[in-house]
There are 2 protein chains.
Amino acid sequence: MAGRKTTIADVAQRAGVSKGLVSFALNGRPGVSPETRERILSVAHDMGWQPDARARALSTNRSLAYGLVLSRNPSVLSSDPFFPTFISGVERAISGPGHVLVLSVVESLERELETYRSLLESGRVDGVFLTDVRRDDPRLALVQELSAHAVVLGHPRVDAGFPTLSVSDEAALDALVAHLVALGHHELGLVVGPSHMLHAERWRDSLVAAATTRGLRTPRIVETDFSAEMGLAATRELLEGRTPPTAIVYANDHMALAGLGHARRAGIEVPRELSIVGYGDSDMTRYAYPSLTTVSVDVAEWGYRAAQLLMSQVEGGTDDVGQPPPARLEVRESTASVPERPVGP
Amino acid sequence: MAGRKTTIADVAQRAGVSKGLVSFALNGRPGVSPETRERILSVAHDMGWQPDARARALSTNRSLAYGLVLSRNPSVLSSDPFFPTFISGVERAISGPGHVLVLSVVESLERELETYRSLLESGRVDGVFLTDVRRDDPRLALVQELSAHAVVLGHPRVDAGFPTLSVSDEAALDALVAHLVALGHHELGLVVGPSHMLHAERWRDSLVAAATTRGLRTPRIVETDFSAEMGLAATRELLEGRTPPTAIVYANDHMALAGLGHARRAGIEVPRELSIVGYGDSDMTRYAYPSLTTVSVDVAEWGYRAAQLLMSQVEGGTDDVGQPPPARLEVRESTASVPERPVGP
DNA sequence: ACCAGCGTCTTAACCGGTTTAGAATGTACT
DNA sequence: AGTACATTCTAAACCGGTTAAGACGCTGGT
């Protein structure tokens, strides 16, 4: 009894009109008399008609789908709150109009590029999100070559012709440095992300700039891949130096938490002997002890706007959805006055 | 100069054959002479032909896409390592064959059901993953009604006719209880997930069973929604009771970490005065201080097999991919001998 | 009475693949 | 030579929608 799915032709036959008219009626286009439209709609409803996404995609040359490809390695990905949050924002924007997100996780940059290419060339998606933009990122060239739609997440330093959406965090980072300076800190340590990622580079530059304009020495910098493991190693490296920093700022929260764990294990009291600062304001920063001072970024809103921007790009509109709200400093328990004597052996 | 995408018809014309034959050649089907096949393939390659996923989906009635709908609230989702890890496993299985994952995040159970329905009815996906199965879960009826393909993540207690894939954890949970008993613990606290979720219920039952068979009193149980926030509240509730437990087992790692934070804040030393156990073995358990004793679940492998199973279901095959490896107890620093005197005021 | 113009509806092509029926050709067998 | 059969290929229908072009009837103006 299940039978075949009811198609637009079934509806047309039952309503006694042509396929084309049914299509017009269902899409609310003019040229259908009110009574007929009414009848078609009710027949379609009675028959439980649902549009076939594939057929529609083929004839309109629109999939109503958007692609996101993640190339972070699984272990970083698992503890990174960015993507789940970002995605939930994206969904909030696209699910209303019935659009859909195609997500891909890959293990290498080559596969990442291939995946973007195949998603776009096969017409599976109408546009893509580009996150973690790198220097000379081949994805920008690819998207341009395919003259596809894209939204870049990151900072406008990227000179590609794509709309860009970024959370401005200079002010928050400057406020953070001001906060640390007010607490008496002179020696900052920075645990940064991979320098080939533009946003990691920019984050570092913002902090260095804030530090120097506020009269601090150039911070010690250790580069990581954003993983908790490297966050831990970076912490150790910083603390074992000749003049260990009295405050360490991490490029994400879980590296900061790993650093916090290391400090405690090494018998260093946080924040009395060492101040620790995260980035992102993920859920766990609130529940750690001490709770983590961090920089709050409204990632869901970022995703929401990025999706809106991408949709409007595809529609050909030039809607300006506006930039997401700037980052905010969130002072919690992990930062305090600098200890009287430097930490260390 | 970009021009239109090259279609199969372009290739046919250039190779001097019919559309149909090109299709046969490209799909490696018999009935094409070796030389012609060769020629067609090389022409297709030269012209940079790529199949159009939409057209193929329409004519084959297969989208080569699979759906996953998450209905957890964004804050839980952001710190939950399950899904990113699961998804990375899924991707590893499906991306080879060129299939794709459609991900959706919704805010309510009604929307969840609607989303599954629309994904399946519109033909956007060929099958779905069902996670977090609940009692009388309407999704099972839905999938059956649509006679769609699905793989259930969770335990075979579900009597639906769908293939089920679950990580067996009874042995690990029993080993965990044995471990705690060996350390002298008598009073266990359990921080469980929502009781309407079958796997939460099952997790609780397994632990209660292990506890009673090992001669412990029935553990105190507090139910949560898996969020760190409720994990914290549950910890407080347990510790403020008349006879507080000497060990608390949490249904996931980030609740355990929140509990750990609370204990430390309350001046309770872990593990000297209180043992804490997580579940899932997420990355952060290693980097916390003390590092968290937990139950290790190979979620990526679970996702990998689930995807394989789903693909084989859709192909009509009855491949048995086998169950994922069982959970393992991972003893770290957060469990130790029971304190001489009970904790508390 | 005629034509213009409008609103309503149908026809048929089209999107880019897959697939079935059958044509054309060659080979083997009787 | 005639038939049976396999191989290779073509033509055309089909998947389920969208959409351009045009048919048809009605109204109103002259």
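Values reported hereafter were calculated over all heavy atoms of this structure, with side chains retained and with hydrogens, waters and symmetry mates removed. Reminder, nothing fancy here: chain letters follow the sequence lines and each chain counts from 1.
- Counting heavy atoms of neighbouring residues, nucleotides and ligands inside a 6.0 Å radius, atom CD of B:Glu38 does not exceed 12 of them.
- Atom pair B:Ile8:CD1 and C:dC15:P shows a separation of 14 Å (rounding to whole Å applied).
- Proximity of A:Arg54 to the phosphate of D:dG17: no side-chain N or O atom is located under 4.0 Å from OP1 or OP2.
- Side-chain atoms of A:Lys5 stay outside donor-acceptor range of the base of D:dG16, with no qualifying N/O pair under 3.5 Å.
- As rounded to whole Å, 14 Å separates atom P of D:dG17 from atom CZ of B:Arg124.
- A:Ser23 comes within 4.0 angstrom of a nucleotide base, judged by non-hydrogen atoms across all strands.
- The nucleotide whose nearest atom lies closest to any side-chain atom of B:Ser33 is, among D:dT8, D:dT18, D:dC15, D:dT8.
- Within the structure, every side-chain polar atom (N or O) of B:Arg29 is placed at least 4.0 Å from both OP1 and OP2 of C:dT18.
- When distances are taken from the side chain of A:Ala55 to each of C:dT19, C:dC15, D:dG17, the shortest belongs to D:dG17.
- When the side-chain nitrogen and oxygen atoms of A:Trp49 are compared with OP1 and OP2 of D:dG17, one or more of them lie within a distance under 4.0 Å.
- Closest approach to the B:Thr7 side chain among D:dG17, C:dG16, C:dT18 is made by C:dG16 (side chain taken as heavy atoms from C-beta onward).
- A salt bridge links A:Arg111 with A:Glu114: the distance from a Lys NZ or Arg NE/NH1/NH2 to an Asp or Glu carboxylate oxygen falls below 4.0 Å.
- Listed pair A:Arg56 / D:dG16 fails the phosphate criterion, with no side-chain N or O lying under 4.0 Å from OP1 or OP2.
- Taking a cutoff of 4.0 Å between a charged side-chain nitrogen and a carboxylate oxygen, A:Asp132 and A:Arg72 qualify as a salt bridge.
- In the set D:dT18, D:dT8, C:dT20, C:dT20 carries the atom at the smallest distance from any side-chain atom of B:Phe24.
- Rounding to whole angstrom units, CG of residue B:Asp52 and P of C:dC15 are separated by 12 Å.
- In this structure, B:Asn61 reaches neither bases nor backbone, as no heavy-atom distance under 4.0 Å exists between it and the strands shown.
- The residue among B:Ser59 and B:Ser18 whose nearest nucleotide of DNA chain D is located toward the 5' end is B:Ser18.
- Atom C1' of nucleotide D:dG16 and atom CD of A:Gln50 are separated by 14 Å, given to the nearest angstrom.
- If A:Gly20 and A:Pro34 are placed on DNA chain C by their nearest nucleotide, the residue sitting closer to the 5' end is A:Pro34.
- Note: CG (B:Leu58) to C1' (C:dG17) measures 8 Å, nearest angstrom.
- With rounding to whole Å, A:Gln13 atom CD is found 13 Å from C:dT10 atom P.
- At least one donor-acceptor pair under 3.5 Å links the side chain of A:Arg37 to the backbone N or O of A:Arg29.
- Using a 4.0 Å cut-off between charged side-chain N and carboxylate O, A:Arg305 and A:Glu301 make a salt bridge.
- Between the side chain of A:Ser42 and the main chain of A:Arg39, a donor-acceptor pair closer than 3.5 Å is present.
- Rounded to whole angstrom, the span from the NZ atom of B:Lys19 across to the P atom of D:dA13 amounts to 12 Å.
- As judged by a 4.0 angstrom heavy-atom cut-off over every strand, B:Val17 is placed among residues touching the sugar-phosphate backbone only.
- Residue B:Leu21 contributes atom CG, which lies 12 Å from atom C1' of D:dA11 at whole-angstrom precision.
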